[in-house]
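Contents: one structure, followed by commentary.
Just so you know, these numbers use all the heavy atoms, side chains as well, and skip hydrogens, waters and symmetry mates.
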Amino acid sequence: MASSGTLNLAFGVHRAPKDAPRKLLMLVDSPEQALRVAIAAGGHKLAYIAACLGKSEGYVSRLANGKRPIPEKLVAPLCAATGSNLLAQFLALVGDEKADERRLVELLKEAA
C-alpha cells in the first residue's frame, strides 16, 4: 500500500480555531453559553466534541449546561474541537473586567 504523504486524522481536518466576531462576544453572558454557541455555530454534536476531548458525552453536556465548571485545562482543547476561540475570548474578557474591578476597588480604598 503506497503512502501519499498525508496523515489521515480520526476527526477530519484540523485547523486552528478562529476568533469570534466582537459583536457575538459581547452578547455572551457565561462560559457555558460561549461553549454552547461555539458548538452550535460549528454544527458539531456533543459526541464529536467529547471524542475530541477523550471525555464522555455526558461530561461535555454538563460543561455546556453549567452543571460542571469548565476547567482551565480544557479551554484550549474545547476551542480546537469547536473551531472557535469564543470560549477563550469570553474568559479573557471576563478576566480583564475582574482585573479592572480590583484596580478600581484599590483606587477607592486609597482615596478614602
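L86 and A34 get closest at one heavy-atom pair: CD2-O, 3.6 Å. Taking all atoms of both residues into account, the shortest heavy-atom contact from L24 to A20 is CD2-CB, 4.2 Å. Heavy-atom minimum distance, P71 versus P69: CD-O, 3.2 Å. For the pair E32 and N65, the tightest heavy-atom approach, listed with the atom from each and the gap, is CG-C, 4.3 Å.
For P31, the side-chain contact (heavy atoms from CB on, under 4.5 Å) partners two or more places apart in sequence, or in a different chain, are I70, L87, F90, L91.
Listed for the S61 side chain is no donor-acceptor partner under 3.5 Å among the backbone atoms of E57. At distances below 3.5 Å, at least one donor-acceptor pair connects side-chain atoms of R36 with backbone N or O atoms of A64. Although no hydrogens or angles enter the test, the distance criterion places no donor-acceptor pair under 3.5 Å between the side chain of H44 and the main chain of I49.
Summarising the geometry, atom OH belonging to Y48 is positioned 9.0 Å from atom OG1 belonging to T82; distances are rounded to the nearest 0.5 Å. Here R68 contributes atom CZ and R62 contributes atom CZ; the two are 6.5 Å apart, rounded to the nearest 0.5 Å. Here L25 contributes atom CG and K23 contributes atom NZ; the two are 13.5 Å apart, rounded to the nearest 0.5 Å. A distance of 7.0 Å separates CG in L78 from CD1 in I39, rounded to the nearest 0.5 Å.
Residues K18 and N85 are not in side-chain contact: their nearest non-hydrogen atoms beyond the backbone lie 4.5 Å or more apart. Taking the side chain as every heavy atom from C-beta outward, K55 and L63 never approach each other to under 4.5 Å. Between L93 and M26 the shortest side-chain heavy-atom distance falls below 4.5 Å.
In the hydrophobic clustering of ILVMFWY residues, with side-chain heavy atoms under 4.5 Å counting as a link, V94 and L27 come out apart.
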